[in-house]
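Notes for the one structure printed next.
The sequence lines fix the lettering, A, B, ..., with proteins before strands; numbering per chain opens at 1.
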Amino acid sequence: MSNASEMRFSDAEQMGLSFEEWQLILTRLGRTPNLCELGIFSAMWSEHCSYKSSKKWLKTLPTEGAQVIQGPGENAGVVDIGDGLAAVFKIESHNHPSFIEPYQGAATGVGGILRDVFTMGARPIALLNALRFGDIAHEKTPHLLSGVVAGIGGYGNCIGIPTVGGEVNFHSSYNGNILVNAMAVGLAHSDRIFYSAATGAGNPVIYVGAKTGRDGIHGATMASAEFSDETESKRPTVQVGDPFTGKLLMEACLELMAADAVLSIQDMGAAGLTSSSVEMASKGGLGMEIDLDLVPVREEAMSAYEIMLSESQERMLMVIKPEQAETARAIFEKWDLDFMPIGKVTDTQRLVLLKDAQIACDIPLAPLVDDAPEYDRPYRPEELQPVLSTAQLEKDIPLDEVLKKMLSSADLSSRRWVYEQYDSDVMADTISGPGGNAAMVRIHNTDKGLAVCTDCTPRYVEADPFEGGKQAVCEAYRNISATGAKPLAVTNNLNFGNPEKQDIMAQIVGAVTGMGKACKALDTPVVSGNVSLYNETDGMAIQPCPVIGMIGIIDDWRTTIGAGLQQAGQALYVVGQSDKTNDGWLGCSVYAREIARREGGAPPSVDLEAEAKNGQLVREAIAKGIASSVQDISDGGLLIAMAEMVMAGQCGAKITPPDSGSLHGWAFGEDQARYILAVRDAGEFAALCAGHQIEAVRIGETISKTELTVGDLPPISKEVMVAWHTSPIPALMG
Amino acid sequence: MRSAILIFPGSNCDRDMMVAVERITGRRPALVWHKESQLDPVDIVIIPGGFSFGDYLRCGALAARAPAMEAVVDHASRGGAVLGVCNGFQILLETGLLPGTLVRNSGLKFVCRETRLAVQETIETPLLSNLATGTELVIPVAHNEGNYFADVALLDSLEQGGQVALRYVQNDPARAANPNGSARDIAGILSANGRVMGMMPHPERAMGNGHASEDGREFLTSVLEGVAR
């Protein structure tokens with residue numbers, strides 16, 4: 001790179017800026033930026049920080065509702081959950097770092113999302129994740145899977161926040177670009193939320209937490225570029241996590257907030273000190289002056305550029321009440337953390353940085369944030385996939401053999417190997433942890449429970465972005481409803497390929513539009529989120545994966561139920577299905593991929609009205625104590641859901657397929673808006689369905705033997721199914 | 001019934017244990033910060049789980065040298081009762097209040113799952129006073145280093161001396177009983193005087209009331225009633 005005083009376009013290009021963006025910087029500054037300034041522009045204008053390709057479409061998402069206290073734009077979204085309490089939550093990706101260095105990439109992903117939540121004044125109470133790996137047979141998959149899982153556990157377990165849920169899937173499109181999305185949920189008093197906007201010119205700006213090193217320099221820019229064969233040489237741009245310091249920082253910040261000393265606070269996440277200082281000052285409509293010589297560093301001779309662009313972890317920037325400075329210092333000393341006044345809020349609307357008693361940077365804030373480029377990228381949707389009929393996909397294979405293949409397939413097999421590496425019980429408020437529908441955590445010391453989940457079905461999104469976007473929301477909605485909780489709001493993580501390609505941009509547009517439509521219909525506004533683009537390797541894009549993280553609330557956690565069958569002699573119903581149904585939607589299903597060996601085809605369509613109605617019915621059946629177990633029907637269809645209820649339960653099931661039609665279509669079709677319920681009183685349940693004018697078909701009953709019987713076929717024991725289900729991942733991982 | 005719970009930087013089960021003890025005894029335990037070198041008189045000191053000092057250097061090694069641990073050693077030397085759970089067990093081994101060591105799980109992975117424990121025939125101890133030998137308890141574990149290790153002579157002497165308090169036994173027939181490779185399936189041990197106990201499973205996470213098991217409550221009730229006598 002050329003000398004700091006004479007930056008050229010080639011330098012900007014190396015930092016990921018286009019020629020037009022370089023020209024814009026020259027115009028806005030009226031001069032050539034120095035290295036530090038250029039670094040700041042490139043980080044703030046990176047896709048990761050500016051959302052320049054997606055902003056136009058993100059603006060179309062519904063973000064408002066009676067329950068919303070804070071929508072997108074802050075460190076995390078905030079939702080009212082009653083009794084003066086608020087849930088604070090967000091999901092964020094750490095895809096690129098995790099592919100380069102799986103343990104640290106995943107660990108720092110967890111650390112980062114936790115900071116986003118406790119920065120708002122919330123104590124984190126649950127962690128979730130959404131992971132995508134390459135083909136299970138790909139040579140890198142075991143290494144990446146074990147590293148990522150260990151990293152997630154390594155951070156979450158140590159800091160002591162339970163990892164209660166998530167999803168893991170495999171597909172060859174992720175061979176060279178895995179997805180690691182981490183979500184955190186916290187609890188705060190709704191009148192004690194902390195924001196990032198700086199206030200009061202002259203107030204001190206304080207740096208707290210770990211020292212700044214040379215790790216992760218310019219990580220946000222790396223996260224905004226495509227992968228190539230050279231990527232693994234980028235290891236130095238991956239940050240290193242320190243969950244112990246993270247824990248101390250969390251406790252110290254929460255203690256400081258309780259002491260009423262904090263005016264505004266922002267974590268140093270992507271683009272480190274750059275984004276935190278710029279965002280705090282610009283949101284407050286103010287300026288900031290920082291003396292970089294005062295920043296606690298752990299390496300010698302760090303330049304202004306390095307200090308500003310470092311992504312060292314476990315750091316925060318805050319503006320505190322000047323009169324509380326000594327209280328604040330004492331709290332950080334108690335926790336053995338650095339506490340260093342490094343500058344002050346100004347009214348200049350400029351970011352001024354001093355280094356070695358000279359001005360290292362002096363730039364107006366407006367262009368960095370408000371004038372950040374925003375693109376209306378052209379898009380060209382691919383032609384919709386044809387509808388595949390059951391006749392095109394059904395294979396003449398015995399049902400039990402299909403069930404075995406499906407239950408032991410990479411995507412449907414048990415994730416026990418994964419989630420047993422996460423401490424899912426710490427904090428002692430986990431009512432139901434991983435392995436079921438949505439997880440549920442108790443609101444400490446109350447009757448209330450918070451249901452949480454993450455969901456996305458990338459193969460649907462790839463085949464039809466609009467329907468796939470809708471489906472991701474609806475599947476989350478069903479998972480929350482199946483616990484009895486009322487869905488409240490979502491956070492989303494949009495993982496896509498290169499938006500400069502028109503077909504990829506069309507995926508983004510379609511998925512965001514579908515997602516928005518579903519969130520509106522289901523009254524689950526989007527309150528926070530993250531966008532991860534350029535998920536490509538050597539020009540090959542990932543299957544698009546717009547992950548939904550959803551939360552819901554239940555008034556009394558004691559009323560929640562699980563999927564496992566509890567008692568023999570109960571009627572089994574499928575809600576959302578008629579008694580005439582004798583086939584199912586196999587196109588784009590797990591059956592099509594695993595059994596018919598065919599990917600693609602139109603995915604099942606999503607009826608938002610039916611989703612809302614059926615979800616309401618299920619929640620009511622749970623609240624009234626009519627249902628004793630519930631499982632939503634998703635990947636793999638009815639029979640997989642039924643098998644899961646037997647495997648998780650105390651008794652078995654005998655179900656009767658229709659006399660005519662396609663057995664495989666009926667058993668493995670993935671038609672949406674459906675649930676299986678075991679009910680205590682069939683009459684009462686039928687009346688409830690009639691009252692709601694919802695179709696439900698009785699398919700069988702629970703039996704005392706722990707086995708699954710389908711019509712006249714020989715029963716399959718729970719033990720056999722559990723063995724099919726639990727063996728694949730341990731077998732792979734050794 | 002007076003109790004104290006130690007808190008180190010990185011402890012993360014301190015609140016859970018406090019809630020559990022308070023629910024059983026109706027009295028909130030004293031919370032003792034690691035820098036404090038004095039301990040008010042109590043019937044039992046509980047060292048909770050977590051990652052004290054990040055588990056850096058070696059689990060429990062730094063915490064064992066904290067001022068509060070000197071007070072705990074004093075308390076134990078006067079015959080005071082001590083219970084260490086998970087990281088607390090590791091700390092007790094590092095201070096030498098209990099013999100042996102805990103090494104990395106044999107699976108080389110963190111493990112969080114339900115385990116079934118059987119109460120062993122032990123020397124006289126107030127900590128297990130309400131629990132008959134052979135009582136089985138379902139209590140979860142969550143740890144990286146819970147693999148109890150000692151040489152044959154020490155293991156033999158622990159067994160012969162009635163210092164093995166809890167062993168893992170079969171829970172799910174499809175899985176190994178022992179979650180971590182622990183020598184002789186040991187889940188918890190006692191000091192030679194029967195007044196200091198360390199265990200890997202987390203009784204505070206099996207308190208009923210939403211937890212999958214209520215057996216931890218039965219266990220802790222026995223401990224707390226035993227030391228209050």
Side-chain angles (χ1 to χ4, degrees), chain A residues 123 146 149-150 152-163 242-248 250-252 334-337 416-434 440-442 444-445 447 449 557-558 560 562 718-720 722-723 726-727 730 733-734, chain B residues 7-20 22-23 33-35 48-57 59 62 86-87 105 107-115 139-144 172-175 179-180 201-213 216-217:
Chain A
R123 178 169 285 278
S146 70
V149 170
I152 289 173
Y155 205 101
N157 300 348
C158 180
I159 198 167
I161 313 299
T163 300
D242 177 357
F244 173 58
T245 303
K247 164 82 172 164
L248 304 185
M250 176 173 80
E251 297 299 342
K334 170 186 164 190
W335 291 99
D336 294 322
L337 292 167
R416 192 172 74 183
W417 183 92
V418 172
Y419 64 70
E420 281 190 348
Q421 295 184 57
Y422 306 145
D423 189 339
S424 51
D425 295 333
V426 64
M427 297 186 91
D429 280 318
T430 303
I431 302 298
S432 46
M440 184 170 290
V441 288
R442 173 172 41 210
H444 191 65
N445 242 338
D447 292 335
W557 54 265
R558 293 170 197 84
T560 191
K718 171 180 167 178
E719 289 68 34
V720 166
V722 167
T726 52
S727 52
M733 304 308 295
Chain B
I7 305 178
F8 299 93
S11 294
N12 63 28
C13 302
D14 42 325
R15 186 194 74 174
D16 307 353
M17 187 60 86
M18 180 191 81
V19 169
E22 192 174 359
R23 269 186 58 210
W33 185 237
H34 68 113
K35 289 176 183 170
F51 288 68
S52 57
F53 296 95
D55 274 0
Y56 296 151
L57 187 58
C59 302
L62 295 170
C86 199
N87 192 226
N105 296 341
L108 304 180
K109 294 190 296 290
F110 190 95
V111 59
C112 175
R113 65 179 241 209
E114 219 163 53
T115 59
I139 298 180
V141 294
H143 58 247
N144 235 328
D172 175 349
R175 311 188 72 181
N180 53 32
H202 286 272
E204 77 280 11
R205 299 181 182 187
M207 294 287 293
N209 191 38
H211 294 162
S213 164
R217 184 186 177 114

[X] portion near chain B, given a 4.5 angstrom heavy-atom threshold:
| X | result |
| --- | --- |
| A/Ile159 | backbone |
| A/Thr726 | neither |
| A/Ile431 | both |

message: Let's go through A/Trp557 and B/Asn209 carefully: what are the C-alpha distance in whole Å and the side-chain angles of both, what is the deciding distance for side-chain contact (heavy atoms from CB on, under 4.5 Å) to 0.1 Å, and is it a yes or a no?
response: CA-CA 10 Å; A/Trp557 54 265; B/Asn209 191 38; 3.4 Å; yes
query: How many angstroms lie between NZ in A/Lys247 and OG in B/Ser11, if you round to the nearest 0.5 Å?
result: 7.5 Å
Spacing of CG belonging to A/Asp425 relative to CG belonging to B/Asp16, to within rounding of 0.5 Å: 9.5 Å
message: Looking only at heavy atoms and a cut-off of under 4.5 Å, which of B/His211, B/Arg113, B/Arg15 has the most pairs with chain A?
response: B/Arg15
field: Which of B/Ala142, B/Ala20, B/Pro9 touches chain A most, by non-hydrogen pairs under 4.5 Å
entry: B/Pro9
Would you say [X] and [Y] make side-chain contact, with heavy atoms under 4.5 Å?
| X | Y | answer |
| --- | --- | --- |
| A/Asp423 | B/Arg205 | yes |
| B/Val19 | A/His444 | yes |
| A/Asn157 | B/Phe51 | yes |

Proximity breakdown for [X] and chain A, heavy-atom pairs closer than 4.5 Å:
| X | value |
| --- | --- |
| B/Arg175 | side chain |
| B/Phe53 | both |
| B/Pro140 | side chain |
| B/Asn105 | neither |

field: CA sep, side-chain torsions, deciding dist, call: B/Lys109, A/Met733, side-chain contact (heavy atoms from CB on, under 4.5 Å)
entry: CA-CA 12 Å; B/Lys109 294 190 296 290; A/Met733 304 308 295; over 6 Å; no
task: Give me the ring orientation class for B/Trp33 and A/Trp335: parallel if the planes are under 30° apart, tilted from 30 to 60°, perpendicular past 60°.
output: perpendicular
- request: Over all heavy atoms of both residues, which pair between A/Tyr422 and B/Cys112 is shortest? Give the atoms and the distance, please.
  value: O-CB, 3.2 Å
- prompt: Taking every heavy-atom pair that is under 4.5 Å apart, which of A/Val722, A/Asn445, A/Asp242 has the most such pairs with chain B?
  reply: A/Asp242
- prompt: Would a distance-only check, ignoring hydrogens and angles, find a side-chain to backbone donor-acceptor pair under 3.5 Å from B/Asn12 to A/Cys158?
  reply: yes
